[in-house]
Amino acid sequence: MDGKAGGAAVIEVAGLTKRYGGRTVLDGVTFTVGRGEIFGLLGPNGAGKTTTVECAEGLRRPDGGTVRVLGLDPAAGGPELRERVGVQLQETGLPSSLKFGEALALYASFYRAPRDVRALLADWGLEELRGRRYGKLSGGQKQRVHIALALVGGPEVVFLDELTTGLDPQARRATWDLVRRVRAGGVTVVLVSHFMDEVQELCDRVAVLDGGRIVAAGTPGELVERAGGASSVRFRLRGDLDPAALPAVLAAVPEVTGVERDGRAVTVTGTGDLATAVTAALARADVVVADLRIDRRTLDDAYLALTGRPLDDDA
């Protein structure tokens, strides 16, 4: 899988294999990440997502295959690579009595040229948390702290592992905005998640891991299209148009595969960007509709089609 168009690959993983005892947890994993993109690793618990990124971070040694991050082997990259990579681990915690400002200063001391701590606090709106003890922070505040700690070294690449697990919906969406800001600052983001909506909302491209193998890769839209199935647009006709004339109105729309009528209620099924194509055709024909509803395929549908089971089935 190539890196993002227009961006050189900053992470290259080829044939990655990892075993624990006699159990193979990664079996020939291959992907690349382009500079400046948000790349998602999606899969259920136990699929191998965290092991994959831990090999890319240099925290685990592969049993086979190659991993290169910014052109360097993470297992042997040493300080040169660690200066350029930020990490937010799946299991992250600080002493409850430690103040955030103290933690940030400590992390900054690990780097030869860290970001200015005051500027980082200002950029991320964290000044009010500087004197707050870690144990007193909310879940959403802790995630903001973890991201700031991952960025204090001024990394080119940052790994974010299960960033929003346990957060309420409002805190999750606030954290999504933070991830977008990280990328807007020129940092390449690898996002590990088992949340479909999160990956579909944030990621430029995604690799789906299942049983230690990548079963599909591409943009979220490409995965949905590859999985097949049909989207639908439902509406009710208004005005004087005879419902029997509607198929003729939509006949020239290549995305449409079927039209069903129940009185003046209509369901149009099809592929691609069906909603845009149908609404444009209706507008050109001056057809007035009401109660329009769009049922789009999602990554949930794609995952089920690709693996034969829903994402929340960990069996």
| message | Surrounding CZ of Arg118 (heavy atoms of other residues, nucleotides or ligands, distance under 6.0 Å), is the total greater than 12? | response | no
| task | Find out whether Asp210 and Pro44 are in side-chain contact, i.e. whether some heavy atom of one side chain is under 4.5 Å from a heavy atom of the other. | result | yes
| request: Without swapping roles, check the side chain of Asp168 against the backbone of Ala171 for a donor-acceptor pair under 3.5 Å. | output: yes
| Check: Thr257 main-chain N/O paired with Thr269 side-chain donor or acceptor under 3.5 Å | no
| query | Where do Leu237 and Val289 land on the side-chain contact (heavy atoms from CB on, under 4.5 Å) test, with the steps shown first? | reply | CA-CA 5 Å; Leu237 286 172; Val289 303; 4.2 Å; yes
| Is Arg172 positioned over the aromatic face of Phe195, cation under 6.0 angstrom from the ring centre and no more than 45 degrees off axis? | yes
| note | Between the CG atom in Leu151 and the OH atom in Tyr107, the distance rounded to the nearest 0.5 Å is 12.5 Å
| request: Kindly indicate whether the side chain of Lys136, heavy atoms from C-beta on, has any atom under 4.5 Å from the side chain of Gln141. | output: no
| Between Leu59 and Phe159, is any pair of side-chain heavy atoms under 4.5 Å apart? | no
| request: Please tell me if the side chains of Val152 and Phe110 come closer than 4.5 Å, counting only heavy atoms from C-beta onward. | output: no
| message | If we ignore hydrogens and angles and just use 3.5 Å, is the side chain of Asp204 paired with the main-chain N or O of Glu37 as donor and acceptor? | response | no
| said: Take a 6.0 Å sphere around CG of Asp242 and say whether it holds more than 12 heavy atoms from other residues, nucleotides or ligands. | reply: yes
| query | Is the shortest heavy-atom distance from the side chain of Glu156 to the side chain of Val10 under 4.5 Å? | reply | no
| request: Using the side-chain contact (heavy atoms from CB on, under 4.5 Å) rule, take Phe100 and Leu94 through it: C-alpha gap first, then chi angles, then the decisive distance, then the call. | output: CA-CA 9 Å; Phe100 168 48; Leu94 296 170; 5.9 Å; no
| note | Closest heavy-atom pair, Leu81 versus Val69, reported as atoms and distance to 0.1 Å, is CD1-O, 3.5 Å
| request: Compare every heavy atom of Cys55 with every heavy atom of Pro74, then report the nearest pair and how far apart it is. | output: CB-O, 3.6 Å
| query | What is the distance from atom CG of Leu41 to atom NE2 of His194, rounded to the nearest 0.5 Å? | reply | 14.0 Å
| task | Look at the side chain of Arg19 and the backbone N and O of Thr24, then say whether any donor-acceptor pair between them is shorter than 3.5 Å. | result | no
| Distance in Å, Phe235 CZ paired with Thr267 OG1, rounded so as to fall on 0.5 Å steps | 8.5 Å
| query | Is any NZ, NE, NH1 or NH2 atom of the basic residue among Asp291 and Arg293 found under 4.0 Å from an Asp or Glu carboxylate oxygen of the other? | reply | no
| Does one hydrophobic cluster hold both Leu241 and Leu292, with members joined at side-chain heavy-atom distances below 4.5 Å? | yes
| In terms of heavy-atom contacts, does CD of Glu80 have more than 12 from other residues, nucleotides or ligands at under 6.0 Å? | no
| query | Where is the tightest heavy-atom contact between Leu274 and Glu255, given as atom of each residue plus distance? | reply | CD1-O, 3.7 Å
| said: Can you tell me how far apart CZ (Arg213) and CG (Asp27) are? Round to the nearest 0.5 Å. | reply: 4.0 Å
| said: Side-chain heavy atoms nearer than 4.5 Å, only ILVMFWY residues, links allowed to pass through others: does that put Val253 and Val288 together? | reply: no
| task | Determine the minimum heavy-atom distance between Ala150 and Val87, stating which atoms define it. | result | CB-O, 3.7 Å
| Distance (rounded to the nearest 0.5 Å) between Arg82 CZ and Leu72 CG | 11.5 Å
| task | Kindly give the heavy-atom pair with the smallest separation between Ser193 and Val199, and that separation in Å. | result | CB-CG2, 4.0 Å
| query | Do any N or O atoms from the side chain of Lys99 and from the backbone of Arg130 form a donor-acceptor pair under 3.5 angstrom? | reply | no
| request: Report yes if the side chains of Leu246 and Leu282 come closer than 4.5 Å at any heavy-atom pair, otherwise no. | output: yes
| request: Drop me the distance from Thr164's OG1 to Glu162's CD, to the nearest 0.5 angstrom. | output: 7.5 Å
| task | Take the angle between the ring planes of Tyr134 and His146 and call it parallel below 30°, perpendicular above 60°, tilted in between. | result | tilted
| message | Between Glu222 and Arg205, is there a side-chain heavy-atom distance shorter than 4.5 Å? | response | no
| query | Should we say atom CD of Glu260 is surrounded by more than 12 heavy atoms from elsewhere, each under 6.0 Å from it? | reply | no
| task | Grab the two heavy atoms, one from Arg238 and one from Ala290, that are nearest each other, plus how far apart they are. | result | CD-CB, 3.3 Å
| Worked verdict on Val157 versus Arg84 for side-chain contact (heavy atoms from CB on, under 4.5 Å) | CA-CA 7 Å; Val157 178; Arg84 303 168 67 189; over 6 Å; no
| remark: Exactly one candidate in Val190, Val33, Val179, Thr188 meets side-chain contact (heavy atoms from CB on, under 4.5 Å) with Ile38; the answer is Val179
| Is Leu209 close to Ile214 at the side-chain level, that is, under 4.5 Å between some pair of heavy atoms? | yes
| query | Any salt bridge between Arg60 and Glu54, counting N to O under 4.0 Å? | reply | yes
| query | Can you list the steps and then say if Met196 with Leu42 is a side-chain contact (heavy atoms from CB on, under 4.5 Å)? | reply | CA-CA 8 Å; Met196 294 288 191; Leu42 174 67; 3.5 Å; yes
| Exam field: side chain Glu83 to backbone Arg112, donor-acceptor pair closer than 3.5 Å | yes
| said: If you count heavy atoms of other groups shown closer than 6.0 angstrom to CZ of Arg264, is the number above 12? | reply: yes
